[in-house]
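A short worksheet on the structure shown next.
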Amino acid sequence: MAEYSQQNLKQFNIQLKPHPRARDQVVAATDFVEGSIVFAQHALAVALLPSEKGRRCDACSRLSVSQSLRRCSGCAEYFYCDEHCQRYHWQKNHKRLCKPYASYSTTALGNLPEHARMDGILLSHLLAQITPDDLIEDSSPVQTLLSLLPGPQEENPAPHICYTPPFVPTGLVQSLFIRFQNNNFAMHSHLSTFGHGVFPLASRLFNHSCVPNAAARYILKAREPVKMEVVALRPISGGEEICITYLDPALLQTRQQICKLSYGFECRCSSCHFLNRISKSRLPDDADADFAELDAALRDLSGVEDGSITRLRTSIFQDSIPLHLYGAFKESYISALSKRFTDAAHDGPYDVARQAGAALLAFYLMVYPDNYPQIGMHLLELAKVVWNDIVRNGDDRDKLRMARNYATASRGVLSIFGAEGDEGGPLGELTLLEDLLWNS
Ligand SMILES: [Zn+2]
Ligand SMILES: [Zn+2]
Ligand SMILES: [Zn+2]
């Protein structure tokens with residue numbers, strides 16, 4: 001029985017159905033409330049980003065905060081929380097990679113660009129743990145991986161592999177590799193990427209949307225591979241397709257190209273329809289655009305009036321966005337706006353940070369789906385800006401009310417996505433800030 005058989009998917013209350021354009025779609029078999037876990041799976045294989053190597057455990061991917069990690073004495077290139085994680089990883093795949101790894105990483109991977117290096121390491125991890133049964137058993141995740149559609153650049157040859165088991169037939173390495181580029185996931189902790197992971201069943205199930213109703217978060221536990229959980233961002237009704245996003249929806253000018261070049265499809269979500277409409281209308285040149293006017297119009301739309309959130313307007317996309325706001329969808333405007341916010345967020349001037357931050361909030365509400373965690377992160381940043389202002393420039397009842405409003409709105413959004421990755425993170429920071437805002 002295949003891993004993606006209807007019978008196996010029953011445990012998650014989801015099912016596969018035919019899709020008019022894609023291969024098929026995964027739909028909810030029941031109603032889900034926001035925050036529900038609609039799917040979960042452990043990684044088949046993972047690889048840490050070079051920048052995270054030595055900072056995180058190679059077995060469980062957790063960040064080492066207090067003590068230094070144990071280094072593998074064989075290759076000196078793998079690091080672990082403790083002997084338990086090390087033993088677990090040794091059995092899993094490292095006993096086959098430890099000896100050849102040092103020369104592999106310097107000679108075979110030496111000058112490769114980062115993404116090719118990552119693919120080489122990830123594929124090496126996967127091949128070092130493959131068993132003869134994986135190649136014949138229908139229920140094996142390796143079979144699910146082989147059932148995925150290959151990426152659009154099929155002719156790219158696989159990078160050198162550190163170790164290939166003798167029973168792996170010629171051709172299989174390439175068959176696995178051509179499914180990597182368009183199917184693997186960037187895993188994140190506190191929404192920041194720490195590595196790449198192979199999750200074949202998730203790849204088999206979830207189609208892309210730039211305004212998805214669900215999002216993947218990553219759970220880290222000792223002596224366990226990373227676990228992906230797909231969380232409902234809003235209520236999902238039985239029969240509705242469940243989608244996640246394969247890219248950052250705020251990449252307005254490049255995301256359609258990424259869909260085509262990296263994934264080989266054209267996105268037809270409501271947000272892409274809207275962007276296509278905008279691109280046909282004439283936007284003012286940067287020189288004529290009135291940024292201050294645009295900022296004010298955005299602040300108006302966000303429901304943020306002098307920092308008091310009257311109503312956090314999400315799903316603005318479902319309404320129609322007025323013509324005078326089309327200029328906000330130019331990357332030049334948005335990058336200037338977010339620069340104005342970040343430049344002033346830490347040391348002021350805080351009124352500049354507050355105004356730019358409120359306009360940026362409206363932009364996020366337009367491009368991100370309901371309860372997308374980046375919205376909650378930005379609300380937390382806004383609450384911190386106002387709190388810093390109070391600390392630096394003295395107390396003020398209006399400012400305190402404003403900071404509390406932002407913190408409350410942030411809590412509402414972030415608690416739906418929930419905690420991910422390492423301890424602390426935005427939810428931990430928010431708890432500390434709430435304590436300051438309500439108890440001091
Ligand atoms: Zn560990
Ligand atoms: Zn080693
Ligand atoms: Zn789209």
Side-chain angles (χ1 to χ4, degrees), residues 21-22 42-43 46-48 52-106 121 124-125 128-129 162-163 187 189 194-195 206-213 218-227 241 243-279 317-318 329 366-369 372 421-423:
R21 287 179 309 278
H42 283 103
V46 302
L48 294 175
E52 298 297 309
K53 207 58 186 160
R55 298 181 70 227
R56 291 180 178 277
C57 173
D58 276 294
C60 68
S61 299
R62 290 183 307 160
L63 188 69
S64 154
V65 267
S66 49
Q67 89 280 36
S68 58
L69 293 166
R70 277 169 78 96
R71 187 191 277 248
C72 172
S73 56
C75 61
E77 300 220 31
Y78 279 70
F79 299 83
Y80 302 99
C81 304
D82 54 29
E83 76 228 61
H84 302 292
C85 268
Q86 185 167 15
R87 210 173 305 137
Y88 158 80
H89 201 238
W90 182 261
Q91 284 310 324
K92 187 177 170 127
N93 60 39
H94 195 60
K95 61 183 173 191
R96 289 174 208 98
L97 296 178
C98 188
K99 229 187 210 145
Y101 193 82
S103 86
Y104 170 71
S105 73
T106 46
I121 296 170
S124 296
H125 288 171
Q129 69 192 43
C162 185
Y163 166 85
M187 306 180 295
S189 164
F194 65 80
F206 297 100
N207 288 327
H208 161 84
S209 166
C210 306
V211 274
N213 51 11
Y218 297 89
I219 307 298
L220 308 181
K221 278 199 185 132
R223 298 182 298 284
E224 261 185 35
V226 179
K227 186 182 183 190
E241 180 176 12
C243 289
I244 58 174
T245 182
Y246 296 175
L247 39 80
D248 180 357
L251 294 170
L252 296 176
Q253 253 96 81
T254 46
R255 70 182 198 209
Q256 289 173 324
Q257 234 175 324
I258 299 175
C259 280
K260 228 175 264 168
L261 295 178
S262 309
Y263 299 100
F265 67 86
E266 206 169 311
C267 185
R268 302 197 188 185
C269 75
S270 56
S271 168
C272 284
H273 274 299
F274 174 73
L275 285 187
N276 290 340
R277 186 147 43 95
I278 286 192
S279 69
F317 249 113
Q318 276 136 35
F329 288 85
M366 288 195 292
V367 297
Y368 287 134
Y372 201 62
D422 303 296
E423 279 161 42

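Positions are given from 1, in the same order as the sequence printed here. This is a predicted model, so every value here is computed, not measured. Numbering of ligands and ligand atoms starts at 1, following listing order.
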Using modelled atom types only, decide if a donor and an acceptor are shared between the side chain of [X] and the backbone of [Y] within a distance under 3.5 Å.
{"X": "Ser262", "Y": "Cys259", "result": "no"}
{"X": "Asp58", "Y": "Phe79", "result": "yes"}
{"X": "Arg255", "Y": "Pro249", "result": "yes"}
{"X": "Asn213", "Y": "Glu241", "result": "yes"}

May I ask you to check whether Cys57 brings an N, O or S atom to under 2.8 Å from the Zn ion (ligand 1)?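 It does; at least one qualifying atom falls short of 2.8 Å.
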Check: Tyr263 ring centre within less than 6.0 Å of His208 ring centre: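 For Tyr263 and His208, the ring centres are not under 6.0 Å apart.
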Give me the protein N, O or S atoms that fall under 2.8 Å of the Zn ion (ligand 2), sorted by chain and residue number.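 Per the 2.8 Å query on the Zn ion (ligand 2), atoms found are Cys72 SG, Cys75 SG, His94 NE2, Cys98 SG.
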Are Val46 and Pro225 packed together at the side-chain level, in the sense that at least one heavy-atom pair is separated by less than 4.5 angstrom?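 Contact flag for Val46/Pro225 side chains = no.
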Assess the residue pair Tyr218 and Phe194 against the criterion (ring pair (Phe, Tyr, Trp, His ring centres under 6.0 Å)); give the C-alpha distance rounded to whole Å, side-chain angles, the decisive distance to 0.1 Å, and a yes or no. CA-CA 11 Å; Tyr218 297 89; Phe194 65 80; 7.1 Å; no
With under 30° as parallel and over 60° as perpendicular, where do the rings of Tyr78 and Tyr101 fit, or are they tilted in between?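 Taking Tyr101 first and then Tyr78, their aromatic rings stand perpendicular (interplane angle over 60°).
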What protein N/O/S atoms are there under 2.8 Å from the Zn ion (ligand 3), waters excluded?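 The answer, once waters are left aside, is Cys210 SG, Cys267 SG, Cys269 SG, Cys272 SG.
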Given Lys260 and Gln256, is the side-chain hydrogen bond (donor to acceptor under 3.5 Å, both in side chains) satisfied, shown in steps? CA-CA 6 Å; Lys260 228 175 264 168; Gln256 289 173 324; over 6 Å; no
Is Arg21 close enough and on-axis enough to Phe265, meaning under 6.0 Å and within 45°, for cation-pi?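 Checked: cation-pi criterion not met.
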